[in-house]
There are 2 protein chains.
Amino acid sequence: MSTPLSIKIDRSSPIPLYHQVVQGIEGAIRDGSLASGTRLENEIELAQRLRLSRPTIRKAMDDLVQSGLLVRKRGVGTQVVSSQIRRHLELSSLNDDLERAGKKPSTSLLSFEHIPAPEQIQELLSLPKDVSVYHFTRLRSAGGSPLALMENWVRDDIVELDEKSLRAHGLYELLREAGVNFRLAQQRIGATIADGAQAEALDTEAGSALVTMQRTAVDDTGRNVETGSHVYRADAYSFEMTLVQR
Amino acid sequence: MSTPLSIKIDRSSPIPLYHQVVQGIEGAIRDGSLASGTRLENEIELAQRLRLSRPTIRKAMDDLVQSGLLVRKRGVGTQVVSSQIRRHLELSSLNDDLERAGKKPSTSLLSFEHIPAPEQIQELLSLPKDVSVYHFTRLRSAGGSPLALMENWVRDDIVELDEKSLRAHGLYELLREAGVNFRLAQQRIGATIADGAQAEALDTEAGSALVTMQRTAVDDTGRNVETGSHVYRADAYSFEMTLVQR
DNA sequence: CAGTGGTCTAGACCACTGC
DNA sequence: CAGTGGTCTAGACCACTGC
């Protein structure tokens with residue numbers, strides 16, 4: 001009732017052992033040797049066969065359950081989630097989402113200013129009184145057609161921004177280069193109707209549907225680094241995610 | 001530089017020790033004895049003081065990091081996330097979201113049928129050929145005003161549904177009573193414009209903004225139990241979530 | 001009842017951070 | 001350099017599941 005898994009463990013690699021197990025199982029799922037619904041070996045057997053301890057195996061399993069690739073049931077076993085559900089999994093991590101927010105398609109800078117934080121922004125970013133913000137709007141396009149209108153505020157005590165660097169690089173790229181390690185983001189997604197200015201910028205009609213997104217991102221020192229308010233053409237963008245029961 | 005935490009551990013309780021630690025820290029954060037940004041004791045010290053092993057403490061910390069209450073940095077320490085970010089945290093778990101999908105405000109049943117699965121649904125639910133589905137639409141209202149129009153398909157080999165039970169109970173309530181344990185949900189959120197029928201049902205105007213949500217939910221045996229397509233009045237509803245870097 | 005995941009211990013050694 | 005979290009071991013005992 002269970003499928004033996006062939007995973008190579010390299011003890012001289014700098015990649016942690018549990019993560020090698022994660023990659024091995026991910027790989028086996030991706031290449032089809034672990035089909036949807038397949039039951040895995042039990043944890044103790046797998047640990048013995050790979051010459052790893054059970055806690056190491058469990059750490060790997062925990063990660064895979066968290067990322068939505070496996071489901072576990074006490075007393076029964078662990079199995080691979082259906083391919084239907086796995087299809088868009090890769091979009092659900094903060095990292096990928098931040099990547100998309102900072103890179104890939106072309107982005108043009110529409111406005112830029114360096115100002116004292118408006119009250120609401122000061123609150124959203126929990127800013128000390130002497131910290132100002134960069135405020136700018138950008139237009140994201142993909143394949144030549146406009147996709148999103150993005151307005152952001154970034155605290156100025158962590159990174160130095162100017163128009164030139166924002167024209168050349170993604171926001172998250174710049175922040176990471178400045179040593180910011182993101183840990184958390186609080187996000188709200190809704191809908192609205194395009195007003196005249198939005199419609200013109202996004203090359204659509206006033207009254208068409210837009211997806212709205214507000215996000216505030218936190219780094220590993222607990223600072224709220226940036227907050228943004230974005231609108232996307234609803235015919236070109238939606239948010240996909242996988243929720244995991246905890 | 002660190003705050004001693006007073007947590008009571010009850011070794012005779014059926015609640016796992018690591019979860020007592022989670023509850024203790026959550027409680028201390030909620031009642032303010034652990035303020036935003038506070039550094040916690042290091043893991044070894046905390047383990048010794050509570051007379052627990054370090055892995056047990058770490059399991060608790062892992063949970064709190066995953067739920068977005070704490071941020072950790074190697075070589076530095078663990079600290080409490082800012083209250084600004086924590087504010088809407090409780091909405092982000094699958095459980096709460098499912099709760100909201102099945103209960104609370106009043107819900108009326110608009111249509112109900114028990115039919116062979118349309119091709120697209122059969123695919124979304126990865127249904128065997130001999131399994132049919134329940135298909136129904138409901139209107140959710142809160143405080144007397146309509147909020148959402150919900151269309152769902154549920155496989156008929158897991159639970160028996162009829163109009164009467166759906167009028168009396170939430171969908172997820174019924175599914176849980178039938179022994180279904182949800183583990184995962186795949187979700188897509190976007191926007192659209194209300195058409196005439198939607199506008200009438202939701203007591204709004206044609207052309208107003210709606211938030212759209214499609215979801216497929218998976219139980220602990222790996223089955224795709226139900227899929228749904230919902231629209232919400234954008235002026236009354238938005239999705240909030242906390243993304244955690246992994 | 002046999003099989004499985006869930007919890008827990010008591011360490012060890014390492015990598016990274018900030019001074 | 002001292003302090004911190006990150007990884008790993010080799011077990012033990014328990015609770016739940018399905019037959």
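Protein chains get the first letters and strands the later ones, always in sequence-line order, with residue 1 at the start of each.
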Revision key, fill the gap. E26(B) meets the side-chain contact (heavy atoms from CB on, under 4.5 Å) criterion, sequence neighbours left out, with V22(B), R30(B), L64(B), L69(B)

Check your understanding: Could you write out DNA chain D as a dot-bracket string, with dots for unpaired bases, | for bases paired across to another strand, and Watson-Crick or G-U pairs counted at under 3.5 Å?
Key -> ||||||||||||||||||.

Exercise for review: Go through the structure and list residues passing side-chain contact (heavy atoms from CB on, under 4.5 Å) with E119(A), not counting sequence neighbours.
Suggested key: none

Review point. dG3(C) C1' sits how many Å from E43(A) CD, rounded?
Key: 12 Å

**Study point:** I57(B) CD1 to dG6(D) C1', straight-line distance once rounded to whole Å
**Key:** 16 Å

Review point. Can you list the residues that meet the ring-ring contact (aromatic ring centres under 6.0 Å, His included) rule with H19(A), with sequence neighbours excluded?
Key: none

Practice item. Write down the distance between CG (L70(B)) and P (dT4(D)), rounded to a whole number of angstrom. Key: 16 Å

Exercise for review: Return no unless some side-chain N or O of T56(A) is found under 4.0 Å from OP1 or OP2 of dT9(D).
Suggested key: yes

Review point. Does R58(B) put a side-chain nitrogen or oxygen below 4.0 Å from OP1 or OP2 of dG6(D)?
Key: yes

Point to revise | Partners passing side-chain contact (heavy atoms from CB on, under 4.5 Å) against Q20(A) (at least two apart in sequence or in another chain) | key: I9(A), D10(A), S13(A), I15(A), L17(A)

Revision key, fill the gap. Taking every heavy atom of Y134(B) against every heavy atom of V159(B), the minimum-distance pair comes out as CE1-O, 3.3 Å

Study note, to complete from the structure: Taken to the nearest whole Å, CG/L50(A) to C1'/dC8(D) is 15 Å

Review point. Can you check the D220(A) CG to dG6(D) C1' distance for me, whole Å?
Key: 15 Å

Point to revise | Sorted by number, the residues of residues 8-23 of chain B with heavy-atom contact under 4.0 Å to DNA chain C | key: R11(B), P16(B), L17(B), Y18(B)

Exercise for review: Could you tell me the separation between the CD atom of E41(A) and the P atom of dT4(C), rounded to a whole number of Å?
Suggested key: 10 Å

**Study point:** Residues D157(A) and R155(A) bridged, charged N to O under 4.0 Å
**Key:** yes

Check your understanding: Got a donor-acceptor contact below 3.5 angstrom from the S33(B) side chain to the A28(B) backbone?
Key -> yes

Check your understanding: Taking only residues two or more places apart in sequence or in another chain, which ones pass side chain to side chain donor-acceptor pair (under 3.5 Å) with D220(A)?
Key -> N181(A)

**Study point:** Results of side chain to side chain donor-acceptor pair (under 3.5 Å) for R223(B) - residues two or more places apart only
**Key:** D219(B), T221(B)

Study note, to complete from the structure: Given protein heavy atoms under 4.0 Å, the one-letter contact record of nucleotides 11-19 of chain C, with B base, S sugar-phosphate only and - none, is simply -B--BBBS-

**Study point:** salt bridge (Lys or Arg N to Asp or Glu O under 4.0 Å) against R72(A), all qualifying residues, sequence neighbours excluded
**Key:** E43(A), D62(A)

Check your understanding: CD of Q79(A) versus C1' of dG5(C): gap in Å, rounded?
Key -> 14 Å

Check your understanding: Can you name the residues that form a side chain to side chain donor-acceptor pair (under 3.5 Å) with T216(B), not counting sequence neighbours?
Key -> T227(B)

Review point. For K59(A) and dG6(C), what is the distance between atoms NZ and P respectively, to the nearest whole Å?
Key: 15 Å

Exercise for review: State which residues pass side chain to side chain donor-acceptor pair (under 3.5 Å) with E163(A); sequence neighbours excluded, sorted by chain then number.
Suggested key: R167(A)

Revision key, fill the gap. On DNA chain D, more 5' by nearest nucleotide between M61(B) and R51(A) is M61(B)

Check your understanding: Can you find a side chain N or O atom of T78(B) that sits less than 4.0 Å from OP1 or OP2 on dT4(D)?
Key -> no

